[in-house]
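Inspection log for the structure reproduced underneath, given as structure tokens.
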Amino acid sequence: MTEQVLSLQVNGVEHRILTADHRTLLEVLREDMAMVGTKHGCDLGECGACTVLLDGRPVLACLVLAVQVAGRTITTIEGMAEDGIPHPLQTAFSEKGAAQCGYCTPAMLLTARALLDEVQAPGPDDIRQALAGNLCRCTGYNKIIEAVEAAAGAQD
Amino acid sequence: MTMRLPNFEFVAPASVDEAARLLSDPGRSSLIVGGGTDLFPKMKRRQAVPTTLVSLSGVDEMRGVRVDAAGNCVIGASTLLADLATSEVVPSAVATAAASIASPQIRNTATVGGNLCLDTRCNYIDMPETWREASGHCLKDGGETCWVAPQGDRCWAINSSDLAPVAIALGGSVRLMSTRGERLVPVGDLYGDDGIDCHTMAADEILVELLIPSDGGRATYRKLRRRGSIDFPLLGVAAAGRFDPDGICLEVRIVIGAVTPAPVRATEAEEFLIGQRLTEEVIVQAADIASGPVRPQDNTDTGSRYRKWMIPVFVGRALRDLVADDG
Amino acid sequence: MGTGHNVLGRALPRVDSMEQVTGATRFADDLTLPGTLVGRQLLSTHPHALIVGIDTSRAEALDGVRAVITGSDLPITYGILPVSQDENALAVDRVRYVGDPVAAVAADNAEIAERALSLIEVDYEPLAEVVDLEQGLSEDRPLIHGEGSGRNVHRSVALEFGDVDEGFGVADHIREDVFHYSGNTHAALETHCVLASYDASGKLTLWSSTQVPHYLHRSLERVLELPAGRIRVVATPNGGGFGGKTEPFSHEFVAAKLSILTGRPVRINLSREEVFYAHRGRHPVLMWVRTGFASDGRITAMHFRSFLDGGAYSSYGIVSLYYTGALQTTTYQIPNYRFEGVRVFTNKPACGPKRGHGTPQPRFAVECQLDRAAEDLDMDPVGIRLVNAVEPDSSTVNHLRITSCGLRDCIAKVAGASDFTARHGRLPHGQGLGLAVGAYMSGAGLPIYWNDMPQSEVQVKVDRGGGVTVYSMATDVGQGSTTMLATVVAEMLGLQPSDLAMVTADTDLTPVDLGSYSSRVTFMAGNAAVEAAGKVRDRVVRAVAEKLEANPSDLVLADGRVSVAGDPAAGPDWSEAVRMAIATEGPLIESGSYRAPELAGPYKGSGVGISPAYSYSACVAQVRCDADTGMVVVERVWLAHDVGRAINSLLVEGQIEGGVYMGLGEALLEEQAFRGGLHRGPSLLDYKIPTILEMPPVESIIVESVDPEGPFGAKEVGQGPLLPVVPAVANAVHDALGVYIDEVPITPDRVVAALRDLARGGSGRFGPESVPDFDFGTPVRVEPPEGFVAP
């Protein structure tokens, strides 16, 4: 087994982790760093539940190796609020009922955040396209779209 | 997280030469990994168990899209699909095809080289280990029988690349490099018509870049799938053509993807179209001709009959795109 | 507050939403204890086989393996229904489907566990497999449960209410149609997970993503032979349930056993593949329905036959079977009704309850047939439904008590909002509108095991600072039961839901609630909460009235104060009022409970379908179809739902939209399909649940009929809204293209096949032609209830 000491920049904090090459970012986050806010639904890249931001872009933590992301910027749900103040998306998801069971929610929020970081006032179609890789089994998505629109409005 | 990758060593050389040296090392069973979005699921299902993964992500010159002196688009193999999808340099059909692949997250990781080199897919092979054992491992899985066509002795797994049909239609080629040197190969020649022996590249060759010539003409890509995202194509039809000012077809390429182990050129239909104006009647005839020899198998969603029905529909739509007023 | 309510009916966030959006919610797989081992199960690779031998010695010898168990380690059977305890945690002697767990290991880490599984050698002797309805009804296949061969009939039923022959005799028009509803599955995003810990004192604790901690508790007691007091079950927040976690599962017993054997915590998290095999999802049901109509559209008789392919185990199957016949009468006045049904065992994952349990299938059949009868009789879809719609405060021919009923209102609202009558049948080719209705129970009238105790108990404790803690075993599976309870108690006490502390779903800490199934929690736990909070309120009011020398009935609890009506500033704030109550009568801890009234009719099987109240829904779907590809796009959905009273309108809308979503998936995409005994694709790539791109806008219309027995008049909303969606889509596809797709999902290949048939001059129908010739026996005749008035 090949192991390496990696420097991972997660939510603005540098973590030094000894891990084997074959371990995914998802496994390292959840098992080695106890950051269990990132979920898993399929382990195969088919559901989007493990989405984290890599240099600001949504990627699937189940299909990315920890060794591949050393030195790059990783954002997880634990890093979405700043100084204890929820991101407007988090507030909007709460207020608009965009979370039911809450399992897809961390991934949905991070993906939506990447969109808002790029597009100031996305329309429903932009939101749909951006969230097309995040499955939600509870809400029927419409309240998620409303929440993203509301958060975009709140950011102005 | 019950599905885990097998053990391997991960190496990310800084140059193509170094990568080529690693791949040619007979002491390793190495595979190239691009984004890994196709390879990692297969490895988690133990369809592939390499001891070394050679990543090309450290090779800077393999990333990005540029236009060379001759006006050709040169697309680095490590270019992310997300970046190709938003590129304003590449023909729009290429961007459209890239934007249709998998999901946004996967496009942020997956690469052009990875999509062109996708392993063939089949609903007897892309399954968990328990399932494959229960089904009796198929031909591609080291077994004796192709469960799709048990009478035959070949594998019918499908080439599911969305980029390949477009690249072939546009007359694209790829640059391959190894310790033996480099060669330029038309994209159409990359694929072998067998689900197991599905790539003509040598195991130690690296796909470095995709070249799309500037004179490919008008092009389009039409994709059939059940959902608007995540799904692989059930059928992908690319077409490209050039027409004289009177609308007479001077040159056309029609490529049908996702039904057979290699994307197929509809050469008879192409020949039929040369010298004709693409009227509705001509398009319908060409679509039927294109569909004639293609035999989808029952190895993905919706079955073979439906996909056979859809071939003329999608060829027709692609041809209409070529002569549509709005471009 | 114009409504006269503190918080009732408002669109407030879930009480746990900030935890959810910050990633702080702890699901089962997020929990860990020091020294936790990884448990994994070895699955059968045969659909049907005898286990000749299992050699676990090589696995046991592997470094890092702490325990290996097989069926003989857990020999006691279980099953959710007391009458069908036919499961073993690990297969004993025989495997019955691909995926049946055979052995299990506990190891130091996942890699070792996986390696250990590969070292277990199982010697199978394959048996002939039984993979579909036809084989299940065949005389010469081996019995899946039992020795020798014969028909694998799990249960059959034949009931007749009124006189069906007479009803057909007076009909002006009779239709017979055959439908098939494919099986599908819950596909909650969280895969089932359990963490089991057997501690040094001999106490076992399970943290599990289960919807039914109480039933799991009872089953563990039985299988592990431990006293109930030494078992604690904590239901963790479910990352989606939908009925998929409503019975005890193998991995729960296995993790418990492995923890007992090793003395260490053991976690088992099912893989996505394993979840598809654990299944318990929607039964595939083949249906034949014959209905007689008077010339004005009134139904004179209905004869309904259902054939359920149940999979390898009983699960809830007997109940599922009865449900396919029970609720047809809750929407339409059917004066004479015969129901015959049969469930067979097959060598496939067991089917069970999924949102709507056993009723979406017959609802699809009945609603599609009704549209066709309307065409035959030159009526419109709205008219034929209104002429048959049940009335409030009535009885059905099969002895179901209808109280509140907003069906007509629901139909009128969706028809109006969608401009249905003006547009149906008049849209351009390829576009269509479809209407359908449905009804669902607000909780099963009877508990799963016979007892005469309450079905739900709630306790409310108030501390000296005024802090209110609500204790209930009700389990939040995303539907918002915790928020519902908080809202009910807050409403009663004049507080905000977010003020309360909620302790739920823990068999050590909370009084019993039977679980989150059958849409029972709002009605049952809600009523129990009303009673408990009411007692607290009464005590506080009594104490304050005494202090203020006011009339208790003049006191108002609102905005955190107890005051005299008309003078909000007078009177103590809540915490002061609480201290008065504790000082006068002691600890402020009260409980409430709910048990449904006796509603069962005078026949065997009458326990299925009874409920203290029924919700009603109506749906219009608008589709656009591509006639070349057969692709159906749902452009818009209108759904009106009679929820009795919305306790939280945001959550009610959420359930409506979620029900529409799941219904659309069933209508167009989802199918738990098999090739022989092998699942066609146990993954979220092959099993296609809709993405955001497939989801249309939904206009949710809340109808409030104010149920006389519901908490504040509330009824269910978790399951009912799904029911009309599937037939509404099917009816819309017919309106768009003229084809009849009598089999869901309505996949593009089926649509194109029907269109090609239509083009060749055929009927344009895709679906099953007939049902098996099965002898259901002479139906049990049941007289309609006293006072039943045939329309």
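All of these numbers come straight from a predicted model, not from anything done at the bench. Numbered from 1 within each chain, the chains take letters A, B, ... in sequence-line order.
- For the set A/Lys96, A/Met108, A/Glu78, the entry with the most heavy-atom pairs within less than 4.5 Å of chain C is A/Lys96.
- Your options are A/Lys39, A/Met80, A/Glu95, A/Met35, and the one with the most heavy-atom pairs under 4.5 Å with chain C is A/Lys39.
- Looking at A/Ala81, neither its backbone nor its side chain comes within 4.5 Å of chain C, counting heavy atoms on both sides.
- Looking at C/Arg272 and A/Glu46, no side-chain N of the basic residue comes within less than 4.0 Å of a carboxylate O on the acidic one, giving no salt bridge.
- Salt bridge A/Glu31/C/Arg267: absent, no basic N to carboxylate O contact under 4.0 Å.
- Side-chain contact between C/Leu685 and A/Leu44 is absent, with no heavy atoms from C-beta onward closer than 4.5 Å.
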Let me see the working for A/His40 and C/Asp29 under side chain to side chain contact (heavy atoms under 4.5 Å, CB included), right down to the final yes or no.
CA-CA 9 Å; A/His40 59 92; C/Asp29 194 37; 2.6 Å; yes
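- The part of A/Ile145 that comes within reach of chain C is its side chain, from C-beta onward, which places non-hydrogen atoms under 4.5 angstrom from that chain.
- With a threshold of 4.5 angstrom between heavy atoms, C/Glu653 approaches chain A through its backbone and through its side chain.
- Neither the backbone nor the side chain of C/Glu274 comes within less than 4.5 Å of any heavy atom in chain A.
- More than 12 heavy atoms of other shown residues, nucleotides or ligands fall within 6.0 angstrom of atom CZ in C/Arg680.
- In this structure, the portions of C/Ala187 lying under 4.5 Å from any heavy atom of chain A include both its backbone and its side chain.
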Would C/Thr691 and A/Leu135 count as a side chain to side chain contact (heavy atoms under 4.5 Å, CB included) if you check the C-alpha gap in whole Å, the side-chain angles of each, and the deciding distance to 0.1 Å?
CA-CA 6 Å; C/Thr691 75; A/Leu135 295 178; 3.9 Å; yes
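- Of the two parts of C/Tyr687, only the side chain, counted from C-beta on, holds a non-hydrogen atom closer than 4.5 Å to a non-hydrogen atom of chain A.
- When all heavy atoms of A/Pro86 and C/Met18 are compared, the closest pair comes out as CG-CE, 3.7 Å.
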For C/Glu190 and A/Arg137: C-alpha separation, side-chain torsions, deciding distance, then whether side chain to side chain contact (heavy atoms under 4.5 Å, CB included) applies.
CA-CA 10 Å; C/Glu190 178 205 26; A/Arg137 195 59 170 159; over 6 Å; no
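- Considering all non-hydrogen atoms of both residues, C/Met695 and A/Arg128 come closest at O-NH1, 2.7 Å.
- Looking at C/Thr25, only its backbone comes within 4.5 Å of chain A, counting heavy atoms on both sides.
- Using non-hydrogen atoms only and a strict 4.5 Å limit, the part of residues 655-666 of chain C facing chain A consists of C/Gln655, C/Glu657, C/Gly658, C/Tyr661, C/Met662.
- Contact detail for A/Tyr103 and C/Leu189: the closest heavy-atom pair is CE2-O, 3.6 Å.
- Atom CD of A/Glu82 has 12 or fewer neighbouring heavy atoms from other residues, nucleotides or ligands inside a 6.0 Å radius.
- Scanning all heavy atoms of the two residues, the minimum distance from C/Ser17 to A/Ser94 falls at OG-OG, 2.6 Å.
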Under the criterion side chain to side chain contact (heavy atoms under 4.5 Å, CB included), I'd like the reasoning laid out for A/Ile77 against C/Thr22: C-alpha separation, chi angles, the key distance, then a yes or no.
CA-CA 6 Å; A/Ile77 189 65; C/Thr22 54; 5.6 Å; no
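- Of all heavy-atom pairs between A/Cys101 and C/Asn238, the closest is CB-O, 3.3 Å.
- Contact of C/Thr32 with chain A is not made at all, since no heavy-atom distance falls under 4.5 Å.
- Using a 4.5 Å cut-off between heavy atoms, A/Thr105 touches chain C through its side chain atoms alone.
- Heavy atoms of C/Pro690 lying under 4.5 Å from chain A belong to its backbone as well as its side chain.
- Considering every non-hydrogen atom in both A/Cys42 and C/Leu684, the closest pair reads CB-CD1, 4.3 Å.
- Using a 4.5 Å cut-off between heavy atoms, A/His87 does not touch chain C at all.
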